[in-house]
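Contents: one structure, followed by commentary.
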Amino acid sequence: MGESVSNDDVDLSVSNIVLTVGNSMMGDDGAGPLLAKMIKDNPITGWSVLEGGSMPEDCLHLIRKAQPQRVIVVDAADIGEQAGEVRIIDPETIVDMYVVSTHSLPLNFLIDDLKTFVPEVIFVGIQPAIVAFLFPLTEMVQTAVETIYQRLPKWQGSGGFEHC
């Protein structure tokens, strides 16, 4: 199973933050924690990562302190696509769709709050294959996380991903 990443030594002087959401003990819901670990292990210039786990709202104070220009929120989301598909989810859509929820608050609340002080907030959803206790991350979702990681250094707009 994945290991948790600490937010203790996060560089808050960057203009780009990835806020990962999810639980590595719940199969493909571990997509966010895997991305956090990848960024921590191999930092990307100009980016910091905060692992939000199941309660990403607990990171809001750190994001407020950082005052970044952009926050990308990454989570497993049931977007009705094939497992491993990545989509940019528009905030209005979050309310209407079932987002895989192992979280304490609906993500639209978090994103609405972020938008009050961050100029650009993007929600990236990865279609899970399975979200169940003690299941491993599937290969399709792991590949999707690697793709997101590879696109971060040159991220513009939607990072080359389609909207849903």
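Heavy atoms only: backbone and side chains are in, while hydrogens, waters and symmetry mates are out. Here the structure is a predicted model, which means the values were calculated and not measured.
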Counting N and O atoms only, with roles assigned by atom type, does the side chain of [X] sit under 3.5 Å from a partner on the main chain of [Y], one being a donor and the other an acceptor?
{"X": "Tyr149", "Y": "Asn42", "answer": "yes"}
{"X": "Asp58", "Y": "Gly52", "answer": "no"}
{"X": "Trp155", "Y": "Gly157", "answer": "yes"}
{"X": "Arg151", "Y": "Gly159", "answer": "yes"}

Please tell me whether Asp11 and Ser48 have a donor and an acceptor in their side chains that are separated by less than 3.5 angstrom.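 Short answer, no.
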Please examine the side chains of Val74 and Phe123, heavy atoms only from C-beta on, and report whether any two atoms are closer than 4.5 Å. no
Value rounded to 0.5 Å, distance of [atom1] in [X] from [atom2] in [Y]:
{"X": "Leu152", "Y": "Gln150", "atom1": "CG", "atom2": "CD", "result": "10.0 Å"}
{"X": "Arg87", "Y": "Glu162", "atom1": "CZ", "atom2": "CD", "result": "4.0 Å"}
{"X": "Leu19", "Y": "Leu114", "atom1": "CG", "atom2": "CG", "result": "7.0 Å"}
{"X": "Ile72", "Y": "Ile122", "atom1": "CD1", "atom2": "CD1", "result": "4.5 Å"}
{"X": "Ser158", "Y": "His163", "atom1": "OG", "atom2": "NE2", "result": "2.5 Å"}
{"X": "Asn16", "Y": "Thr45", "atom1": "CG", "atom2": "OG1", "result": "11.0 Å"}

Which heavy atom of Asp28 sits nearest a heavy atom of Ala76, and at what distance? O-CB, 3.7 Å
Check Ile17 against Pro68 and note the closest heavy-atom contact, atom names and distance. CD1-CG, 3.9 Å
Report the C-alpha separation of Lys40 and Val10 in whole Å, then their side-chain angles, then the decisive distance to 0.1 Å, and conclude whether the side-chain contact (heavy atoms from CB on, under 4.5 Å) test is met. CA-CA 9 Å; Lys40 287 277 187 169; Val10 173; 3.7 Å; yes
